[in-house]
Number of protein chains: 2
Amino acid sequence: MNHPENHNLSDAQNELYEWIKSYIRDFNHSPSIRQMMQAMGLRSPAPIQSRLKHLQQKGFISWQEGKARTLQIVDEVLGGVPIMGSVAAGGLIETYSDVNENLDFSEILKKKNIFALTVNGDSMIDACIADGDMVLMEKITDSYSLRNGTIVSAMVPGLGTTLKYFSKKNGKIFLEAANPLYEPIELNLDEVIIQGKLLAVWRRV
Amino acid sequence: MNHPENHNLSDAQNELYEWIKSYIRDFNHSPSIRQMMQAMGLRSPAPIQSRLKHLQQKGFISWQEGKARTLQIVDEVLGGVPIMGSVAAGGLIETYSDVNENLDFSEILKKKNIFALTVNGDSMIDACIADGDMVLMEKITDSYSLRNGTIVSAMVPGLGTTLKYFSKKNGKIFLEAANPLYEPIELNLDEVIIQGKLLAVWRRV
DNA sequence: TGTATTAGAGTACATTTGTTTTATTTTTGA
DNA sequence: TCAAAAATAAAACAAATGTACTCTAATACA
């Protein structure tokens, strides 16, 4: 589907390839050659090895030689969703292109210093962050490297935590909402702890 | 971290548990017992077996008996991000709670009939879908089950594809933007193909 | 202190599993 | 049609691997 050379696969190779992918999806580990053999209705491991070799040569799979169940789908991005193109949200001008990319969550999910927060309220609505959204934040250790205009989750001891635009000027920290109904907050450096900066927004409908 | 009974683990068990998790993160497959043995600086597989048994009894891991490298982290949600609580976006009222949940992408990623689109334009801005956002769509086979008010990607043959609110009334289909600048589109049933309905919105910052 | 419990080392074994080899069958292509 | 290539079956092998067992050392506990 998402592999450019998928058409180079023979039927048998493609069937095996698809089966392996679905097995890994279901069990979270690679099948053994004899399992593949059985699934393909064969009574010998040799054909499977041959197909695996071809799949490997064509760049579809890889494994650690001699190690059991180490097979891996090469370009199956963990948490990838095929991107079918772009869509107009301003008129009927664009159409699906056959861009074969993947929306890749794994990149962000591999980071260890990220966490998620549920958004309460609408103070960031003009930044398109709505009530109920999940925000993925990256933990901040030093707020010195933060650029003005970054969206951060900031904790003011004794008051609580909030999601705001961050800026720093003349030794003061300003926390600004993306909603004119809310007033900016001005704080001294030691009155606020910046906990994380915004990496991504996620909204289930 | 995200397991409620993590404190029930001995140091040795916890060290092994963390090592296994990082190994699986790195290699996408389970380590073998002898690899664990080596990583823990042991010269016998017996201690590893004992620790694995304890980890299993406490519900941290599972595996298929007798099968190589089938070990699995039980509550490690594929594509999970720890949810640290909620954050106020409307004032300083909320604080991190120690909710130990996971933002779970795997649920949606397991579906086979989903695809992603890049959003162009601002016609859905009032629905908090901005230019450049990725929308995750679920393929629609029959538009009859669609509820009015659903956001869909619709293709009007000869014109293109667009992201709009869907509604149906008196045998007509209406596609409405979430932006007063855009006029609703009225179409006959056979003039439009509904390709997918909105499942989620993803925005990298 | 002495005993019970646990952890670890060492060893051994059976199964799983990747790999190789050879012969046979099927498919392919000229 | 016929020869070459590929696929498959069958068997065997060796390495990897999970598991079980015994013995020793460390630890906990009363």
Side-chain angles (χ1 to χ4, degrees), chain A residues 5-74, chain B residues 5-24 26-74 76:
Chain A
E5 304 163 38
N6 226 353
H7 303 292
N8 288 354
L9 294 182
S10 74
D11 286 350
Q13 289 163 7
N14 193 60
E15 187 193 358
L16 177 62
Y17 180 58
E18 293 297 330
W19 184 85
I20 292 172
K21 284 203 288 188
S22 86
Y23 183 98
I24 293 180
R25 239 196 322 279
D26 291 343
F27 295 100
N28 275 322
H29 61 250
S30 160
S32 70
I33 288 185
R34 279 165 181 83
Q35 284 177 318
M36 302 180 214
M37 185 187 87
Q38 204 168 337
M40 296 296 112
L42 302 173
R43 283 178 293 177
S44 156
I48 297 296
Q49 283 177 263
S50 153
R51 294 172 196 180
L52 289 179
K53 203 172 219 170
H54 286 134
L55 284 169
Q56 183 206 34
Q57 281 168 350
K58 292 174 183 172
F60 287 82
I61 60 173
S62 69
W63 68 88
Q64 279 177 250
E65 215 167 298
K67 301 297 167 75
R69 296 173 185 273
T70 56
L71 193 143
Q72 218 175 321
I73 305 293
V74 166
Chain B
E5 303 161 38
N6 227 353
H7 302 293
N8 287 354
L9 294 182
S10 74
D11 286 350
Q13 288 162 9
N14 194 60
E15 188 194 357
L16 177 61
Y17 180 57
E18 293 298 329
W19 185 85
I20 292 172
K21 285 203 288 187
S22 87
Y23 183 98
I24 293 180
D26 291 343
F27 295 98
N28 275 323
H29 61 249
S30 161
S32 70
I33 288 184
R34 280 166 182 83
Q35 284 178 317
M36 303 181 213
M37 185 186 88
Q38 203 167 339
M40 295 296 111
L42 301 174
R43 282 178 294 179
S44 156
I48 297 295
Q49 286 174 257
S50 153
R51 292 172 199 181
L52 289 178
K53 202 173 218 169
H54 286 134
L55 284 169
Q56 183 205 32
Q57 282 168 350
K58 291 173 183 174
F60 286 82
I61 60 173
S62 68
W63 69 89
Q64 279 177 249
E65 214 168 299
K67 301 296 166 78
R69 297 173 183 270
T70 55
L71 194 143
Q72 217 175 322
I73 305 294
V74 166
E76 176 92 333

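Residue numbers begin at 1 in each chain, while the letters A, B, ... track the order of the sequences.
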Looking at DNA chain D, which of residues 41-50 of chain A put a heavy atom within less than 4.0 Å of it?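 DNA chain D contact set from residues 41-50 of chain A: A:L42, A:R43, A:S44, A:A46, A:P47, A:S50.
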Pull out every residue in residues 61-71 of chain A that has a heavy atom closer than 4.0 Å to any atom of DNA chain D, ordered by number, or say none. A:G66, A:K67, A:A68
State the [atom1]-[atom2] distance between [X] and [Y], to the nearest 0.5 angstrom.
| X | Y | atom1 | atom2 | result |
| --- | --- | --- | --- | --- |
| A:F60 | A:H54 | CZ | NE2 | 12.5 Å |
| A:K53 | A:L55 | NZ | CG | 13.0 Å |
| A:I61 | A:Q13 | CD1 | CD | 9.5 Å |

Selection residues 37-52 of chain B - residue pairs positive for side chain to side chain donor-acceptor pair (under 3.5 Å), sequence neighbours left out: none
Measure the angle between the two terminal helix axes of the helix from C:dT1-D:dA30 to C:dA30-D:dT1, five base pairs each, and quote it to 10°. 40°
Residues in side-chain contact (heavy atoms from CB on, under 4.5 Å) contact with [X], at least two apart in sequence or another chain:
| X | result |
| --- | --- |
| A:S22 | A:R25 |
| B:E15 | B:M40 |
| A:E65 | none |
| B:T70 | A:H29, A:R69, B:W63, B:Q64, B:K67 |

Atom CG of A:D26 with >12 non-hydrogen neighbours under 6.0 angstrom: yes
Nearest heavy atoms of [X] and [Y], plus distance in Å:
| X | Y | value |
| --- | --- | --- |
| A:S30 | A:Y23 | C-CE2, 3.8 Å |
| B:I48 | B:I33 | CG2-CG2, 3.8 Å |
| B:L71 | B:M36 | CD1-CE, 3.8 Å |

For DNA chain D, which nucleotides open and close the run of contacts to chain A, 5' to 3', at under 4.0 angstrom from a non-hydrogen atom?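 It runs D:dA7 to D:dT17.
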Any heavy-atom pair between the side chains of B:I73 and A:N28 that's under 4.5 Å?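 Not in contact.
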On DNA chain C, reading 5' to 3', which nucleotide is the first and which the last to sit with an atom under 4.0 Å from a heavy atom of chain A, could you check? C:dT17 to C:dT20
With nearest nucleotide decided by heavy atoms, which residue, A:K53 or B:H54, maps closer to the 5′ end of DNA chain C? B:H54
Among residues 29-36 of chain A, which residues get a heavy atom nearer than 4.0 Å to DNA chain C?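 Under 4.0 Å from DNA chain C: A:S32, A:I33, A:R34.
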